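Structure first, commentary second.
These numbers come from the heavy atoms of this one structure, side chains and all, not from hydrogens, waters or symmetry mates. Being a predicted model, the structure only gives us computed values, none of them experimental. For reference, positions follow the sequence shown, starting with 1.
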Amino acid sequence: MDTADRAHTPVVVAIDGPSGSGKSSVSRAVAARLGLSFLDTGAMYRAMTWWMLANEVDVTDAEAVAIACAKPVIVSGTDADGPTITVDGQDVSGPIRGPEVTAQVSAVAAVPQVRTRLVELQRGCAELAPRGIVAEGRDMGTVVFPGATAKVFLTASEAARAERRAAELRAKGVDEATIAAMAADLGRRDAADSSRATAPLTQAADAVLVDTSELTLQQVIDTIAELVEQRAGRLTAA
């Protein structure tokens, strides 16, 4: 594809990685820098999980989750400066980050019908993005956007990820007992997300691996923004 053709092709940046690797902060910053939309797909799975819990659906019963997952209306706002997430018109950006949702989201996300429904919504968000989108999650490059302009797999040591998550939660005023429990849960979530049968967390063969353990946030943003500009023929800088 030559530069002229690329100029008319929306940019899709797929950023995957485990919890605490910095996906959300990096993805939002890259999207804002390049004038692209932003999609936090993890928030969509959290929103689905929140709805299941609020409506007393047994999240350990995959069949019950599969039947119920068509009911909630989940809408993701894709403005990098202020992304939103609503369920049936209710703002759930706060509730979906609670420990109860965090503990159950991997189970809900493993249900194939849930993933089928949300992947459809995710691709719809990309189609509506004016210039393109930066989408972060766990299967962006392997399943949702296999033909993405650029694919990145962010990772970091478990210690670095736990420390970052703890700092993030402290800034939000979360108590230390909850912080310790959520940090300790990183390994379990990694194992659950990587071993599930449907769309497991894995690095796409053509994704660029970026280990953020020893990098500053700005260094990671610079690295990915430069990669996107190279892959997109610098159209995003225009």
Charged N to carboxylate O under 4.0 angstrom, [X] versus [Y]?
X: R170; Y: E176; answer: yes
X: R28; Y: D79; answer: no
X: D40; Y: R138; answer: no

Does the [X] side chain pair with the main chain of [Y], one donor and one acceptor, at a distance under 3.5 Å?
X: K151; Y: V208; value: no
X: D88; Y: V73; value: yes
X: R123; Y: V144; value: yes
X: Q219; Y: T216; value: yes
X: T149; Y: V12; value: yes
X: R46; Y: V105; value: no
X: S21; Y: P18; value: yes
X: D61; Y: E63; value: yes

In sequence, state the C-alpha distance, the side-chain angles, and the governing distance for D222 and R33, and then conclude on side chain to side chain contact (heavy atoms under 4.5 Å, CB included). CA-CA 10 Å; D222 290 344; R33 176 161 158 176; 2.5 Å; yes

E136 side chain to T41 side chain, donor-acceptor N/O pair below 3.5 angstrom: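 No pair is found: no donor N or O on one side chain lies under 3.5 Å from an acceptor on the other.
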
Would you give the length of the straight line joining atom [atom1] of [X] to atom [atom2] of [Y], rounded to the nearest 0.5 angstrom?
X: D58; Y: Q104; atom1: CG; atom2: CD; answer: 9.0 Å
X: E120; Y: R115; atom1: CD; atom2: CZ; answer: 14.5 Å
X: L215; Y: S213; atom1: CG; atom2: OG; answer: 8.0 Å
X: I67; Y: Q113; atom1: CD1; atom2: CD; answer: 9.0 Å
X: F38; Y: S76; atom1: CZ; atom2: OG; answer: 9.5 Å
X: M52; Y: T60; atom1: CE; atom2: OG1; answer: 12.0 Å

Here's a test for you: under side chain to side chain contact (heavy atoms under 4.5 Å, CB included), which of D211, L209, D16, I224 qualifies with L154?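 By the side chain to side chain contact (heavy atoms under 4.5 Å, CB included) criterion, L154 pairs with just one of D211, L209, D16, I224: I224.
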
Do [X] and [Y] have side chains that get closer than 4.5 Å, going by heavy atoms?
X: P72; Y: M48; answer: yes
X: V11; Y: I133; answer: no
X: L53; Y: V59; answer: yes

Least distance between heavy atoms, [X] atom then [Y] atom:
X: L34; Y: E229; result: CD2-OE2, 3.5 Å
X: A156; Y: T212; result: CB-OG1, 3.4 Å
X: R117; Y: C69; result: NH1-O, 2.8 Å
X: A31; Y: S37; result: CB-O, 3.6 Å
X: R161; Y: S19; result: NH1-O, 2.6 Å

Are [X] and [Y] connected in the hydrophobic side-chain network, where two residues link if heavy atoms are under 4.5 Å apart?
X: W51; Y: V111; value: yes
X: V119; Y: L201; value: no
X: V101; Y: M44; value: yes
X: V210; Y: I15; value: yes
X: I74; Y: V92; value: yes

Is there a side chain to side chain contact (heavy atoms under 4.5 Å, CB included) between V108 and Y45? Walk through the geometry before answering. CA-CA 7 Å; V108 173; Y45 286 99; 5.7 Å; no

Determine whether Q90 and W50 satisfy the following criterion, side chain to side chain contact (heavy atoms under 4.5 Å, CB included), listing intermediate values before the conclusion. CA-CA 12 Å; Q90 178 181 347; W50 175 87; 3.6 Å; yes

If you count the non-hydrogen atoms of other residues, nucleotides and ligands that lie under 6.0 Å from CD in E100, is the total more than 12?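 No - once you tally the heavy atoms of other residues, nucleotides and ligands closer than 6.0 Å, there are 12 at most.
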
